[in-house]
Colleague: 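Take a look at the following structure, please.
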Amino acid sequence: MTVILSIETTCDETAAAVINDRLEVLGSAIASQHELHAPFQGVVPEIAARAHLERILPVIDRALGQAQLGLEGLDAIAVAVTPGLANSLVVGLITAKTLAFTCNLPLISINHLHAHVYACQIASKKNVYPCVGLIVSGGHTHLYDFENATSPRFLGGTIDDAAGEAFDKVANMLNLGFPGGPALAKLAESGNRKRFKFPRSFIHDQQLSFSFSGLKTAVRYEIAGYGQVDFRQLRIDSQLAADVAASFQEAVADVLVAKSIQALRQTGRDRLCVGGGVAANCRFRELLEKAMHAERAELLIAPSELCTDNAVMGGIAFEKFHAGQFESLDLDIVPGLVRS
Ligand code: KG4
Ligand code: ZN
């Protein structure tokens with residue numbers, strides 16, 4: 001039995017997982033930093049990096065403890081090196097390199113976006129490739145054609161905000177705290193999703209691009225009108241807030257569903273795998289299930305705890321382990337998105 005330790009510090013979750021080659025999770029720990037960033041309504045990179053530094057070793061200890069293993073029980077160290085916040089990625093990489101060097105273990109690099117899609121393979125315990133992969137998170141909204149797990153073809157992505165970012169910004173206008181996606185989804189349950197016809201950018205366009213900034217602006221005008229506004233002072237009627245939340249969520253979900261259908265048709269694939277925090281959204285899941293059923297395509301979405309950032313999805317490292325694709329200790333971070 002081969003066992004790897006996977007490390008994830010791309011954004012604001014410090015996570016580690018111990019996984020075996022049957023993709024069974026022996027141990028998994030996450031330290032969320034939401035409380036540190038909430039006062040700023042967004043992730044502050046320097047705060048994130050410092051918090052990773054404090055938390056990474058205790059988190060690894062917790063994951064190993066759950067697995068009842070010491071470092072000598074590991075066969076490789078894997079770490080997410082792209083894309084992400086530079087200083088956050090560095091903390092994970094230095095930790096991984098140190099462990100690999102001192103324990104004389106192979107080092108494996110993980111692409112965080114590919115790993116989000118691989119979460120579907122881990123959850124379903126079956127081979128999900130080839131497939132179209134949709135990643136919808138706080139930082140990314142991208143479609144890929146995955147022939148295999150680790151070398152996909154980029155199909156298209158957002159030209160401005162990511163879907164999760166739009167959720168967080170609209171939630172901020174509605175004073176729902178940070179990150180606002182889950183709170184906005186909760187509020188939307190009591191809202192009328194047909195009350196506002198918000199824009200659905202590129203929905204009929206054959207290009208697989210997304211844009212959510214116009215939608216965000218439309219919401220802003222609806223609740224606050226034009227000109228300067230301090231959203232914290234704004235008193236918004238509770239039914240209006242719920243209707244805005246429901247109508248906004250519907251617009252985002254409609255676009256994501258339409259683009260997924262187009263991506264399947266354009267690639268000729270019959271399977272869609274979805275990952276990233278927004279994939280935890282119930283209404284989006286519901287609409288996508290209906291659409292994929294009508295399209296006769298197979299749909300795989302990981303359970304919510306594997307949609308948001310975690311280290312379990314780092315099980316993708318086994319693909320490289322089996323292929324003997326190891327890194328030297330020169331391995332570096334790649335913060336920006338490389339479109340593959
Ligand atoms: O994948 P993730 O944990 O981190 C990134 O890699 O960005 O995604 C976080 C994003 C946040 O924007 C959060 O508001 C959003 O996912 N999110 C949701 C839900 N749960 C998390 N958005 C909509 N509905 C949800 N239920
Ligand atoms: Zn992510």
Side-chain angles (χ1 to χ4, degrees), residues 6-15 17 30-34 37-38 40-43 45 48 52 79-85 88-89 92 110-120 133-142 144 157-158 161-174 176-189 191 193 210 212 215-216 219 245-257 273-288 301-314 316 335 337:
S6 141
I7 296 173
E8 154 67 42
T9 60
T10 57
C11 188
D12 62 341
E13 320 280 2
T14 316
I30 303 186
S32 166
Q33 304 177 5
H34 291 164
H37 302 288
F40 305 96
Q41 301 290 335
V43 177
H52 283 309
V79 59
V81 294
T82 186
L85 300 172
S88 293
L89 289 166
I110 295 172
N111 178 310
H112 176 79
L113 300 186
H114 303 174
H116 265 307
V117 171
Y118 201 80
C120 297
L134 170 68
I135 297 118
V136 270
S137 69
H140 302 96
T141 303
H142 289 155
Y144 288 92
T158 181
D161 291 356
E165 194 179 351
F167 265 95
D168 292 339
K169 286 179 178 162
V170 168
N172 187 17
M173 295 178 208
L174 297 171
L176 298 176
F178 175 84
L184 191 147
K186 182 94 199 83
L187 179 62
E189 284 171 16
R193 58 178 92 105
F210 301 86
F212 296 107
L215 168 60
K216 203 179 57 186
V219 170
S247 304
F248 161 81
Q249 177 176 262
E250 200 73 0
V252 176
D254 277 352
V255 172
L256 296 176
V257 169
C273 291
V274 191
V278 179
N281 184 278
C282 294
R283 178 65 182 157
F284 168 52
R285 289 168 95 107
E286 184 185 332
L287 289 177
L288 200 55
I301 313 181
S304 335
E305 66 277 12
L306 292 188
C307 287
T308 45
D309 285 349
N310 64 86
V312 169
M313 63 193 192
I316 192 173
L337 179 69

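Computed from a prediction, not measured in an experiment: that's the story for all the values here. Both ligands and their constituent atoms are indexed starting at 1 by order of listing.
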Colleague: What is the distance from atom CD of E165 to atom OG1 of T158, rounded to the nearest 0.5 Å?
Modeller: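 If we round to the nearest 0.5 Å, E165:CD and T158:OG1 are 8.0 Å apart.
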Colleague: Less than 3.5 Å apart, any donor N or O on the side chain of N281 or Q249 sitting next to an acceptor on the other?
Modeller: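 Side-chain D/A pair, N281 to Q249: present.
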Colleague: I need the L215 CG to F210 CZ distance, nearest 0.5 Å.
Modeller: 13.5 Å
Colleague: Going by the order shown, which atoms of ligand 1 are within less than 4.0 Å of some heavy atom of G138?
Modeller: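 In order of numbering, the contacting atoms are 5 (C), 7 (O), 8 (O), 9 (C), 10 (C), 12 (O).
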Colleague: Determine yes or no for a side-chain-to-main-chain donor-acceptor pair under 3.5 angstrom, with T141 supplying the side chain and A163 the backbone.
Modeller: yes
Colleague: Number the atoms of ligand 1 from 1 as they appear, then name those within less than 4.0 Å of a heavy atom of G139, with their elements.
Modeller: 7 (O)
Colleague: Show which atoms of ligand 1 fall inside a sub-4.0 Å distance from at least one heavy-atom site of T308.
Modeller: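 The list of qualifying atoms is 3 (O).
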Colleague: Using heavy atoms and a 4.0 Å limit, tell me yes or no: is C282 in contact with ligand 1?
Modeller: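 Heavy atoms of C282 never come under 4.0 Å of ligand 1.
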Colleague: Can you sort out which atoms of ligand 1 are near D168, meaning under 4.0 Å from one of its heavy atoms?
Modeller: 11 (C), 12 (O), 13 (C), 14 (O)
Colleague: Out of all atoms in ligand 1, which are within 4.0 Å of some heavy atom of S137? Include the element for each.
Modeller: 1 (O), 5 (C), 6 (O), 7 (O), 8 (O)
Colleague: Look at ligand 1 and say whether H116 reaches it with a heavy atom at a distance under 4.0 Å.
Modeller: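 In this structure, H116 qualifies as a contact of ligand 1 - some heavy atom is under 4.0 Å.
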Colleague: Starting from atom 21 (C) of ligand 1, locate the nearest protein heavy atom and write down its residue, its atom name and how far away it is, to 0.1 Å.
Modeller: G277 O, 3.4 Å
Colleague: Treating R283 as the side-chain partner and A253 as the backbone partner, does any N or O pair qualify as donor plus acceptor under 3.5 Å?
Modeller: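 It does not hold such a pair.
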Colleague: Can you tell me if C11 contacts ligand 1 (heavy atom of the residue under 4.0 Å from the ligand)?
Modeller: no
Colleague: State, with a plain yes or no, whether a side-chain heavy atom of I316 is found less than 4.5 Å away from one of H114.
Modeller: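 In short, these two side chains touch, coming nearer than 4.5 Å.
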Colleague: Please say which of D254, V274, V252 ends up in a side-chain contact (heavy atoms from CB on, under 4.5 Å) with F284.
Modeller: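 The side-chain contact (heavy atoms from CB on, under 4.5 Å) with F284 is passed solely by V274 among D254, V274, V252.
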Colleague: In the structure I gave you, are the side-chain heavy atoms of E13 and H34 within less than 4.5 Å of one another anywhere?
Modeller: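 Side chain of E13 against side chain of H34, heavy atoms only: contact under 4.5 Å found.
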Colleague: So if I count the atoms of ligand 1 from 1 in the order they appear, which ones are less than 4.0 Å from some heavy atom of H112?
Modeller: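 Once the distances to H112 are compared, the set is 6 (O).
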Colleague: If we only count N/O pairs under 3.5 Å, is E13 in contact with ligand 1?
Modeller: no
Colleague: Under 4.0 Å from any heavy atom of G164, which atoms of ligand 1 are there?
Modeller: 12 (O)
Colleague: Which atoms of ligand 1 have any heavy atom of G276 under 4.0 Å away?
Modeller: 1 (O)
Colleague: Judged by modelled atom types alone, do T14 and H52 share a side-chain donor-acceptor pair under 3.5 Å?
Modeller: yes
Colleague: Is Q249 in contact with ligand 1, taking contact as a heavy-atom separation below 4.0 Å?
Modeller: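 False for this residue.
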Colleague: Main chain of G180, side chain of D168: is a donor-acceptor contact present, judged purely on distance under 3.5 Å?
Modeller: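 Side chain of D168 to backbone of G180: a pair is present.
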Colleague: How many N, O or S atoms of the protein are nearer than 2.8 Å to the Zn ion (ligand 2)?
Modeller: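 Near the Zn ion (ligand 2), the number of protein N, O or S atoms below 2.8 Å is 3.
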Colleague: Just so I know, are the side chains of P335 and L89 near enough to count as touching, which here means a heavy-atom distance under 4.5 Å?
Modeller: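 Yes - at least one pair of side-chain heavy atoms lies under 4.5 Å apart.
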Colleague: Can you confirm whether V255 sits close enough to V257 that some side-chain heavy atom of one is under 4.5 Å from a side-chain heavy atom of the other?
Modeller: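 Not in contact.
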Colleague: Starting from atom 4 (O) of ligand 1, what is the nearest protein heavy atom, named by residue and atom, and what distance separates them?
Modeller: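 Going atom by atom, the protein heavy atom closest to atom 4 (O) of ligand 1 ends up being D309 OD2, 3.2 Å.
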Colleague: Looking at residues at least two apart in the chain, or sitting in another chain, which of them share a ring pair (Phe, Tyr, Trp, His ring centres under 6.0 Å) with H116?
Modeller: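 Per chain and number, H116 pairs via ring pair (Phe, Tyr, Trp, His ring centres under 6.0 Å) with H112.
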Colleague: Give the residue and atom name of whichever protein heavy atom lies nearest to atom 22 (N) of ligand 1, and the separation in Å to one decimal.
Modeller: G181 CA, 3.5 Å
Colleague: Is the shortest side-chain heavy-atom distance between D309 and C11 below 4.5 Å?
Modeller: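 Contact flag for D309/C11 side chains = yes.
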Colleague: What residue and heavy atom of the protein are closest to atom 24 (N) of ligand 1, and at what distance?
Modeller: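 Checking every protein heavy atom, the shortest distance to atom 24 (N) of ligand 1 gives N281 ND2, 3.0 Å.
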